[in-house]
2 protein chains.
Amino acid sequence: MKLITRDTDYAVRALCLIAQRKGCIVSVKKLALALQLPRPFLRKILQQLNKKKILESFKGQSGGFILAKEPAKIFLTDIMRIFQGKPSLNECFLKKIVCPHTGSCPLRKKIVKIEDYVLRELGTVSIALLLRS
Amino acid sequence: MKLITRDTDYAVRALCLIAQRKGCIVSVKKLALALQLPRPFLRKILQQLNKKKILESFKGQSGGFILAKEPAKIFLTDIMRIFQGKPSLNECFLKKIVCPHTGSCPLRKKIVKIEDYVLRELGTVSIALLLRS
DNA sequence: CATAATGATACTATAATTGTATCATTTGTC
DNA sequence: GACAAATGATACAATTATAGTATCATTATG
Ligand code: FES
Ligand code: FES
């Protein structure tokens, strides 16, 4: 029952560091060193964040990444969506045979309710919030 | 972000069927047939449920399983715990380097809060409840 | 032009999940 | 008592997801 994968984890940690160097371009090399993470893996992650417009990238010598948004506008759910797909907890697991009443099922309602709650709560956690801790 | 694995899924579905045959001993063969699930896999699952005292088993010809508890006392969280370990969402993923303040961190508080909520909600879903749907 | 960075992408390794196979043991039936 | 049909226990195999590596092309800096 893992809510957050390592992709997301690394991404958040990197984003925090980048946010701390306000405006400075930070290279994967420095980040991997500072966070003690595998460099090629981290690189792949940052590239994905770039594609999704969370980071902005600069090529060439002394290139690297900066945030593409304010830290207060980057939320945990954004990152999770990128690396873990859409955060649906589960489809109804009785749908196949036993249960045909998708509309009125208490389990389904519970799952939906739980999902909403989790997303709402995680949606309040931003990079800026994490930095203030 | 999968909350429920297939183990749990199959287990719940089997438990629902067994519950419907109140008191009757049901064999894996019949269950696998009725639910259209792989028989050896389902068997392993039921054996685990037996070990955990959720099912009672009977050997020999015309053997099989019955519930060891009332359907109203078998909860989703019980099943999840068996197949998915203790349902902890995640440890603090900044703990290694950036963040040493495990006590006062908003992320940590959120995660704990979310975890509590999920468990509380799932803890209200019993086999009996599912049957009434 | 050399160097040091990212972009894109293919590949590999490891771990978790999902499922199978087998042999021993128990019990009802002929 | 022999046989069939069930579970107990356990080892093994296959599949999928996660985690991580490698490589080559491209771009910018000095
Ligand atoms: S169990 Fe099927 S809709 Fe709920
Ligand atoms: S980020 Fe570390 S305790 Fe919260």
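So you know, we letter chains A, B, ... as the sequences are listed, proteins then strands, and number each from 1.
Distance CD1 (I25(B)) to P (dA5(D)): 17 Å, rounded to an integer number of Å. Look at CG on L33(B): it is 15 Å from P on dA5(D), rounded to the nearest Å. Following rounding to the nearest Å, F58(A) (CZ) and dG7(C) (C1') show an atom-to-atom distance of 15 Å. If you measure from atom CD of Q84(B) to atom P of dA15(C), you get 21 Å, rounded to the nearest angstrom. Atom pair I45(A):CD1 and dG7(C):P shows a separation of 14 Å (rounding to whole Å applied). Between the CD1 atom of I4(A) and the P atom of dA19(D) there is a distance of 12 Å, rounded to whole Å. With rounding to whole Å, F83(A) atom CZ is found 18 Å from dA17(D) atom P. Atom P of nucleotide dT29(D) and atom NZ of K29(A) are separated by 18 Å, given to the nearest angstrom.
Nearest nucleotide to the side chain of F41(A), out of dT27(D), dT23(D), dA19(D): dA19(D). With dG20(D), dA4(D), dG19(C) as the choices, the nucleotide that has an atom nearest any side-chain atom of Q61(B) turns out to be dA4(D). With dG20(D), dT18(C), dA28(D) as the choices, the nucleotide that has an atom nearest any side-chain atom of Y10(A) turns out to be dG20(D). The listed nucleotides are dT21(D), dA21(C), dA5(C); the one nearest the side chain of P38(A) is dT21(D). The side chain of Q47(A) sits closest to dT9(C) out of dT7(D), dT9(C), dA4(C).
The phosphate of dG7(C) has OP1 or OP2 within less than 4.0 Å of a side-chain N or O from S57(A). R43(B) has no side-chain polar atom (N or O) that falls below the 4.0 Å cut-off from OP1 or OP2 of dA6(D). Phosphate contact (OP1/OP2 of dG7(C), side-chain N/O of N50(A), threshold under 4.0 Å): present.
The side-chain heavy atoms of I79(A) and L15(A), taken from C-beta on, include a pair separated by under 4.5 Å. Inter-residue side-chain proximity for L46(B) and L31(B) is flagged as met; some heavy-atom pair is nearer than 4.5 Å. Considering only heavy atoms from C-beta on, V28(A) comes within 4.5 Å of F65(A) through its side chain.
Taking for each of D7(A) and K59(A) the nucleotide of DNA chain D with the nearest heavy atom, the 5'-most of the two is the partner of D7(A). Take the nearest nucleotide of DNA chain D for R39(B) and for R6(A): the residue whose nucleotide is more 5' is R39(B). Both F65(A) and K44(A) lie close to DNA chain C; mapped to their nearest nucleotides by heavy-atom distance, the more 5′-ward contact belongs to F65(A).
In this structure, the side chain of D78(A) engages the main chain of F75(A) through a donor-acceptor pair within 3.5 Å.
Enclosure of atom NZ in K30(A) is not indicated, since only 12 or fewer non-hydrogen atoms of other residues, nucleotides or ligands lie within 6.0 angstrom.
Within 4.0 Å (heavy atoms only), G60(B) reaches at least one base atom of the nucleic acid.
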